[in-house]
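Please read the structure below before turning to the comments.
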Amino acid sequence: MKIKWLHLSDIHFNYKNYASDSLRDDFIGQIKALSKSEPFTHLFLTGDILFKNEQATSETADFLKRLIDSMSLPLDRVFVVPGNHDHDRNHTVSLINHIEKKNPEIPFGQMIDSLTSAQTKRLLSTFQNYDSVYSDLFGQDYYAKSSPHILSYDESCNCTIIRINTAWLDQNSEDNQTLYCGSKQLQDLLHQNAELLSKTTNIAIGHHSLNALHPDEKNRVIDQLVRNNIGLYFCGHAHRPSIEYFHDKDIIQILAPGGFNDGYSEGGYVWGILDTDLDFYKSETFNWNNGNWAIDSRLEGTNERGIFYFNSNKYKHNSDIVAVDLKLFDGHLSRTVIENTLLCQVDDIHTHIERDMYNWHENEDAILELSNDIKYLKEQGKQVHIFPMAPIPTLLKLGYELQNNTELFIHQHDRNTYKWVLNGQEDIKIDYFGSGQKSPVLAVSISTSNDVDPNLIKQSLGDTQYDTLSFRASIINFGLPLYSDTVKSFSEAIGETLRSYATRYSDIHVFAAVPAGLAIEIGRRILKSAFGAIHTYNFSSGKYSPAYILSQNVASNPTVKDDTNGFDASIVEAQIVFLPVVGQIPCGNLSEAIAQPEELFPFPASYLDATPHFLLRAHGESMIEAGINDGDLLVIRQQNAAEEGQIVVARIGDEATLKKIHYDSERGKYILRPANHKFEDMEFDQIDIQGIAIKVIKNL
């Protein structure tokens, strides 16, 4: 989930002076500029649209409409709450006095808890002028129900926005820490939506800060935020920005400056990013200072550049961000370009310099060195962002060396906008088709940026007889990047299909016309344990020339029985694959399980299906009653699910073990059970299955 939000408060549009009008005029242009690099997804407006509840003019709604248009936002991404200037306070005081006279013995807080639906509706009717602006914008009344608070689920980002009306009981906002906002009504609303709130990212917005509430009311509201997984609260009212982290409750409160300038209020706004996929959370506060916009670096928690990186448990910003500059064409990237793309500072930039991009065999060591650097960065807990623009074989080779066992963020260059992109929406599919098997050689074409010409493949392979497998995107566009979700789905589909073909062929030749990020991800899915010889080709000067051979696990070529029926299953009988032995798996206490390959072990392909396999060496005695002894080699089928009683490789945190799996449905526990009565079961709430053991290779 990722949102880019803009937070405004206290516009007080009826308040007019030279500085305020200049601020508002320049503000639209400022937000347009901020939208160009990456569009906003949400607008939070936390009250006091009006000034002293004066009747709104058409200018008020027009200003808000221009703002929303400048952000290209649909109205269902705009969330507004009223403030104390948005209601008739005298009318509110009169209504509350009337209710109190009927219940003179009941304390005020208790009286608010027991308000009837009719009483609540009358109190909400004091927002008539505010409601006229809201209706003009959204075409509906703000209060369709009797609850003062509103909950909205945003399906596009699996996010729930809770709009808390902190102003509907306001009688004297100048008297701090006396305000009630209807905590019981808030409790009722959240309780009705508890199941939804347990599954979404939740944000609350209100006009007053939590510290403006009566101490008892503040405690109750915070209790409801904590109980309902709400870790972020946007507000205003004070006309000066601030950031406060309630450490013991794990709640971040962000208070926006005012939207006008009267000498005390400078005017300004807050914007930020919430990205749960990247663990990237920040906000930036801007003030209008002497006719110019300037970031506010005075706020507590901001760095020297005025950026506030969240550091709560719910939104723990990953500050260990490194960039890998793999732009080998047209020079390297500047720190400014990288940081403007990531919208944050990076710890370090690793620049890969290729000595000679087209002298393939001399460059293999450089790619191995780069892949080892990236692996080391991941081992150090870094979040790695790769910016690639390099020949396709280089990228396939890099991905092949990295393998698909760690999370990377691979950005792609959009040739139409000259920007680096990661996330976005697109509707592109990929299809594949292949010929029947008559040869031990397979030619694979992958076309997304350009069409791979079959005649050029034939020219490259010469007299070699080969079968074909072609992947083609529904949209072919040289300048079109593929976003991360599409890259993931394409590379998974290509990798899975290739694995199903792997055991049939001794040699696979790959001709790819794809964006850089997809090339790396395809390489990551060419598993070392599953494939024979993978030949890659570079396209230059109108022809394909051989580059790297990614894998050479096959010991001998399969024989082919050519007949009119095409593929003959006996082709796999003579094939040997080399499975990697990737270290010891503990059969006692938990310890690190998957390490770098120790050796390659020859194994008949006919014993395996198309799923990737690897070998682990058993260590310990906890599985001896299942016939697994210390030093045995275990053939592991790589998969992330298992049936009751199967022997699994299970990872818990950074460690792994080999045990039989059971699931206790009554207690919701996973049980890893040894096959030795001297050892005890291990119980976990959650485990990560890496594979299941299917065979044991023993020494007698």
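- By the neighbour-count criterion of 12 heavy atoms within 6.0 Å, atom CD of Gln128 is sparsely surrounded, having that number or fewer from other residues, nucleotides or ligands.
- Taking CG of Leu189 as the start and NE2 of His149 as the end, the distance is 7.5 Å to the nearest 0.5 Å.
- One distance of note links CZ of Phe51 with OG1 of Thr60; it measures 13.0 Å at 0.5 Å rounding.
- Using a 4.0 Å cut-off between charged side-chain N and carboxylate O, Arg24 and Asp26 make no salt bridge.
- Between Phe308 and Phe310, the ring planes lie tilted relative to each other; the angle falls in the 30° to 60° range.
- Between Phe260 and His239, the distance from one ring center to the other falls under 6.0 angstrom.
- Aromatic pair His7/Phe44: centroids not less than 6.0 angstrom apart.
- Here the CZ-CG distance, from Phe234 to Leu8, works out to 11.5 Å after rounding to the nearest 0.5 Å.
- The salt bridge (charged side-chain N to carboxylate O under 4.0 Å, His left out) with Asp250 is formed by just one residue from the set Arg227, Lys316, Lys314; it is Lys314.
- Asn17 and Ser20 share a donor-acceptor pair across their side chains, judged by distance under 3.5 Å alone.
- A donor-acceptor pair under 3.5 Å is formed between the side chain of Thr341 and the backbone N or O of Val337.
- Between Tyr142 and Tyr134, the ring-plane angle classifies as perpendicular under the 30° and 60° cut-offs.
- Looking only at atom types and distance, the side chain of Ser135 has a donor-acceptor partner in the side chain of Asp141 under 3.5 Å away.
- Cation-pi contact between Arg163 and Phe79: absent, since separation from the ring centre below 6.0 Å together with deviation from the ring axis within 45° is not met.
- Geometrically, Lys4 engages Phe40 in a cation-pi contact, judged by NZ or CZ lying under 6.0 Å from the ring centre and within 45° of the ring axis.
- Trp271 pairs with exactly one of Thr285, Leu6, Leu43 by the side chain to side chain contact (heavy atoms under 4.5 Å, CB included) rule, that one being Leu6.
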